[in-house]
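Both ligands and their constituent atoms are indexed starting at 1 by order of listing. Values below: every heavy atom of this structure, side chains too, minus hydrogens, waters and symmetry copies.
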Amino acid sequence: MTTVITFGTFDVFHVGHLRVIQRAASFGDRLVVGVSADELNMRKKGRLPVFSEAERLEIVNALKPVDEVFVEESLELKREYILRYDAQVLVMGDDWAGKFDDFGDICTVEYLPRTPAISTTALIEKISSTS
Ligand code: C2G
């Protein structure tokens with residue numbers, strides 16, 4: 001039984017998010033997803049996500065490839081989360097390429113290419129410019 005873990009904000013959920021989750025699941029038998037806390041987004045990006053932490057968790061948890069979700073409280077806790085969920089594979093988008101190679105001592109680290117031409121920021125801009 002291979003457990004895969006991945007992380008993200010997954011705000012204004014779109015097909016780029018779906019594809020990374022589907023591809024992450026294909027690396028093992030069980031997929032655990034850390035959804036970043038509202039507070040973590042506030043610290044990191046200086047704004048709250050459009051959808052609350054509870055809503056983002058609910059959406060990600062409802063996806064067929066996802067077995068378990070939890071709140072990612074801090075970017076610095078990845079090693080603890082990998083060990084806590086007994087993950088053998090860590091999947092991250094390639095915007096993080098090389099950043100988590102240190103965890104190669106406890107799991108395999110895979111960086112996946114992002115889906116081009118779609119992002120939460122672009123969607124927010126598109127929606128606000130058409131309203
Ligand atoms: N993603 C993608 N293609 C896009 C947009 C996003 O493949 N066009 C992927 C990202 O690479 C990431 C996941 O979708 O794997 C979630 O993206 P974000 O919500 O932007 O996550 P981020 O804020 O980078 O995560 O520990 C990481 C933190 O939780 C932050």
Side-chain angles (χ1 to χ4, degrees):
M1 162 90 139
T2 303
T3 298
V4 182
I5 194 165
T6 194
F7 296 88
T9 308
F10 303 107
D11 190 26
V12 189
F13 196 90
H14 59 65
V15 75
H17 296 144
L18 180 63
R19 286 181 188 159
V20 81
I21 282 174
Q22 288 171 329
R23 284 179 292 161
S26 73
F27 284 88
D29 312 298
R30 172 173 172 258
L31 178 64
V32 179
V33 183
V35 177
S36 62
D38 285 342
E39 177 55 30
L40 167 56
N41 277 271
M42 209 51 208
R43 285 200 306 269
K44 201 176 60 171
K45 299 178 184 167
R47 66 164 178 84
L48 285 172
V50 175
F51 293 152
S52 73
E53 176 183 305
E55 290 166 335
R56 291 180 290 109
L57 277 159
E58 191 176 334
I59 290 166
V60 175
N61 195 37
L63 300 170
K64 212 185 282 180
V66 175
D67 295 291
E68 192 169 346
V69 292
F70 67 93
V71 178
E72 179 190 25
E73 300 283 359
S74 162
L75 294 178
E76 321 308 322
L77 291 174
K78 286 217 170 45
R79 182 173 291 274
E80 282 78 351
Y81 295 134
I82 293 165
L83 294 170
R84 185 184 304 168
Y85 291 96
D86 195 23
Q88 288 83 44
V89 185
L90 166 65
V91 170
M92 296 296 297
D94 64 2
D95 40 330
W96 299 91
K99 296 249 165 54
F100 300 111
D101 291 354
D102 283 359
F103 303 141
D105 59 337
I106 53 167
C107 65
T108 306
V109 184
E110 302 281 351
Y111 302 100
L112 302 183
R114 288 168 65 91
T115 299
I118 188 159
S119 72
T120 298
T121 308
L123 283 170
I124 293 170
E125 279 166 16
K126 193 170 173 184
I127 293 162
S128 54
S129 72
T130 53
S131 61

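For atom 11 (O) of ligand 1, the nearest protein heavy atom (residue, atom name, distance) is Gly93 CA, 3.2 Å. Protein heavy atom in closest approach to atom 25 (O) of ligand 1: Gly8 CA, 3.4 Å. Atom 7 (O) of ligand 1 has its closest protein heavy atom at Arg114 CA, 3.4 Å. Looking only at protein heavy atoms, the nearest one to atom 29 (O) of ligand 1 is Glu72 OE1, 2.4 Å.
For Thr9, heavy-atom contacts with ligand 1 shorter than 4.0 Å involve the backbone as well as the side chain. Residue contacts with ligand 1 for Asp95 involve side-chain atoms from C-beta outward but no N, CA, C or O (heavy atoms, distance under 4.0 Å). With a 4.0 Å cut-off on non-hydrogen atoms, Lys45 touches ligand 1 through its side chain and not its backbone. When non-hydrogen atoms are compared, ligand 1 lies under 4.0 Å from the side chain of Leu75 (C-beta onward) but not from its backbone.
Checking atom 14 (O) of ligand 1 against the protein gives a heavy-atom contact under 4.0 Å.
With rounding to the nearest 0.5 angstrom, the NZ atom of Lys45 is 5.0 Å from the CG atom of Asn41.
Between Thr115 and ligand 1, an N or O atom pair is found at a separation short of 3.5 Å.
Using a 4.0 Å cutoff on heavy atoms, Arg19 does not count as a contact of ligand 1.
Here is the list of ligand 1 atoms found below 4.0 Å of a heavy atom in Lys78: 26 (O), 27 (C). If you number the atoms of ligand 1 from 1 as listed, the ones under 4.0 Å from a heavy atom of Lys44 come out as 23 (O), 28 (C), 30 (C).
Every pair passing ring pair (Phe, Tyr, Trp, His ring centres under 6.0 Å) that includes a residue from residues 16-38 is listed here, sequence neighbours excluded: Phe10-His17, Phe13-His17, His14-His17.
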If you look only at distance, which donor and acceptor atoms sit under 3.5 Å apart when one is on a side chain in residues 70-79 and the other is two or more places apart or in another chain?
residue: Glu72; atom: OE2; partner: Lys78; partner atom: NZ; Å: 3.0
residue: Ser74; atom: OG; partner: Glu76; partner atom: N; Å: 3.0
residue: Arg79; atom: NH1; partner: Asp105; partner atom: OD1; Å: 3.3
residue: Arg79; atom: NH1; partner: Asp105; partner atom: OD2; Å: 3.2
residue: Arg79; atom: NH2; partner: Asp102; partner atom: O; Å: 3.3
residue: Arg79; atom: NH2; partner: Asp105; partner atom: OD1; Å: 3.3

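Scanning Phe10, Phe13, Trp96 for the heavy atom closest to atom 27 (C) of ligand 1 points to Trp96.
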